[in-house]
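In the text below, chain A, chain B and the rest are named by the order of the sequence lines, each starting its count at 1.
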2 protein chains.
Amino acid sequence: MARPKSEDKRNAILDAATRLFAERGLTAAPTSDISKQAGIAEGTLFTYFKTKNDLINALYREIKLELADAMMSDFPRKKNIHTRLRHVWDRYVNWGIANPKQRKVLAQLQVSGVLTKESRDAGSAPFVEFQTMIRHAIEQRVFRNDLPVELISKSLAALVEATIDLTVSNRSKAKQYRDSGFQMFWAAITK
Amino acid sequence: MARPKSEDKRNAILDAATRLFAERGLTAAPTSDISKQAGIAEGTLFTYFKTKNDLINALYREIKLELADAMMSDFPRKKNIHTRLRHVWDRYVNWGIANPKQRKVLAQLQVSGVLTKESRDAGSAPFVEFQTMIRHAIEQRVFRNDLPVELISKSLAALVEATIDLTVSNRSKAKQYRDSGFQMFWAAITK
DNA sequence: TGTATAATTGAGTATGCACTCGGTAATAGA
DNA sequence: TCTATTACCGAGTGCATACTCAATTATACA
């Protein structure tokens with residue numbers, strides 16, 4: 001029996017933080033501005049997140065979850081590995097193009113040193129199915145069997161990021177970049 | 001006729017900044033601490049760099065220059081493209097492993113939004129010879145000719161970074177990762 | 001409808017930090 | 001050696017900002 005917290009307000013805070021972090025950077029975006037953008041009083045922000053650091057860590061998890069959802073929804077579990085990888089590839093690229101702010105914030109968070117180990121772990125949890133898929137593919141000799149799993153998944157992420165960067169600076173070639181990028185990736189990992 | 005600035009002090013400031021930025025992040029490293037680490041008074045820092053932002057931009061150029069030096073020294077201009085690329089690859093990977101702090105700082109700077117356009121341009125200037133090499137290779141049909149130059153150079157950087165990350169977390173497999181990484185890259189770009 | 005509980009507010013506080021400035025020390029050139 | 005110039009010093013200043021708190025408001029439940 002009390003007054004409940006509002007999911008809407010929480011989301012408004014996270015949205016405002018995303019916008020401001022993307023535009024100005026983590027530390028140049030004060031909590032006063034975030035609150036203002038979110039349409040709440042500054043004090044209220046601290047009932048939803050104990051500290052600014054908590055807010056940052058929560059935002060990280062949220063964005064990673066969104067990305068995982070985008071990548072894995074409608075995942076064609078029954079199709080062959082090439083189709084499944086291509087699905088993940090396309091979804092990832094499209095998400096990056098459609099969510100430049102989230103992507104920018106993520107890039108900042110990953111190198112900023114403010115994330116707790118718990119957040120990092122929570123952030124990678126939604127991607128276990130993807131990791132498993134790669135492990136199986138290696139065992140079934142679809143891929144070159146001398147490549148470490150981590151190198152493959154890191155390479156996918158690295159090549160996707162390169163592809164998105166390029167696409168953002170030249171939207172008209174989106175399709176070409178997405179195709180070429182995947183072909184490069186596929187050539188890199190198969191025999 | 002006056003007292004000259006000391007190159008040593010300037011370097012001491014840049015070194016101290018590198019260490020502190022890598023350990024704590026750009027904004028969590030106050031100028032007071034940087035000065036202390038550099039063995040000078042705080043005021044002196046501001047005779048070498050007008051603002052903290054100037055210091056950050058100067059540091060960015062410095063590190064990029066170091067990296068370019070490492071990559072392009074002893075560059076085998078007369079050898080074939082495979083050998084030249086492999087040279088660049090190995091040098092880049094080795095530099096990253098040997099200079100984790102510089103690498104971490106670079107990663108932060110590139111996404112932080114504090115770099116001026118001039119600094120970005122100055123930072124990429126030392127790499128023109130590398131870009132030219134790739135352009136030539138495409139024209140000579142050594143690579144798949146449907147790949148944009150930028151995708152190739154970005155992919156190299158992306159795969160090197162992935163390779164370094166892995167190596168840092170498992171030093172004993174350094175050689176294997178470096179070889180596998182390059183093989184992936186080569187397979188990705190050639191027909 | 002009444003009440004206990006918790007959300008909400010925003011002015012206030014304490015801290016930290018980039019940068020300044022008046023005084024001092026060093027050095028290049030005369 | 002003298003002097004003009006500039007590096008060097010570090011206490012001080014003003015501003016920005018994360019977080020608090022006392023007063024107020026909303027709401028779940030009896």
Review point. Among D:dC8, D:dT5, C:dT8, which is the nearest nucleotide to the side chain of B:A2?
Key: D:dT5

Check your understanding: Counting side-chain heavy atoms from CB outward, which of D:dC9, C:dT8, C:dA18 is closest to B:A41?
Key -> D:dC9

Review point. Over how many whole Å does the gap from B:R10 atom CZ to D:dC8 atom C1' extend?
Key: 18 Å

Exercise for review: Can you figure out which of D:dA26, D:dC8, D:dC19 approaches the side chain of B:R3 most closely?
Suggested key: D:dC8

**Study point:** A:Q183 and B:R144 side chains, donor-acceptor separation under 3.5 Å
**Key:** yes

Review point. Nearest-Å distance, NZ (B:K5) to C1' (D:dC9)?
Key: 16 Å

Check your understanding: Side-chain N or O of A:T31 less than 4.0 angstrom from OP1 or OP2 on D:dA18?
Key -> yes

Study note, to complete from the structure: Residue pairs passing the ring-ring contact (aromatic ring centres under 6.0 Å, His included) test with at least one member in residues 32-53 of chain B, sequence neighbours excluded, are none

Exercise for review: Give a yes/no on whether any side-chain N or O of B:K9 is located under 4.0 angstrom from OP1 or OP2 of D:dC8.
Suggested key: yes

Point to revise | Among D:dA28, D:dG10, C:dT8, the nucleotide that comes nearest once only the side chain of A:P4 is considered | key: D:dA28

Point to revise | Positive for side chain to side chain contact (heavy atoms under 4.5 Å, CB included) with B:Y60, one of B:T116, B:L115, B:V105 | key: B:L115

Check your understanding: Looking at the side chain of A:K52, which of C:dC19, C:dC17, D:dA18 is the nearest nucleotide?
Key -> D:dA18

Review point. Rounded to whole angstroms, how far apart are CD1 on A:I56 and P on D:dA18?
Key: 9 Å

Practice item. Would you kindly give the CZ-to-C1' distance between B:F46 and C:dG22, to the nearest whole Å? Key: 17 Å

Revision key, fill the gap. Taking for B:I40 and for A:A29 the nucleotide of DNA chain D with the nearest heavy atom, the one nearer the 5' end belongs to B:I40

**Study point:** Closest heavy-atom pair and its distance - B:I34, B:A16
**Key:** O-CB, 3.6 Å

Study note, to complete from the structure: Rounded to whole Å, the CG-C1' distance (B:L45 to C:dC17) equals 13 Å

Check your understanding: Roughly, in whole Å, what's the span from NZ in B:K50 to C1' in C:dA18?
Key -> 13 Å

Practice item. Show your working on ring pair (Phe, Tyr, Trp, His ring centres under 6.0 Å) between A:H82 and A:F182 and close with a plain yes or no. Key: CA-CA 10 Å; A:H82 183 275; A:F182 184 75; 5.4 Å; yes

Point to revise | B:T51, nearest nucleotide to its side chain (from C:dC17, D:dC8, C:dC19) | key: C:dC19

Review point. Over how many whole Å does the gap from B:I34 atom CD1 to D:dC9 atom P extend?
Key: 16 Å

Exercise for review: Please evaluate the base of D:dC9 for a donor-acceptor partner in the side chain of B:E42 within a cut-off of under 3.5 Å?
Suggested key: no

**Study point:** Closest to the B:Y48 side chain, choosing from C:dT9, D:dC8, D:dA18
**Key:** D:dC8

Practice item. Starting from P on C:dA18, measure out to NZ on B:K36 and report it in whole angstrom. Key: 12 Å

Check your understanding: Hey, is the side chain of B:S32 poking within less than 4.0 Å of OP1 or OP2 on C:dC17, counting only N and O atoms?
Key -> no

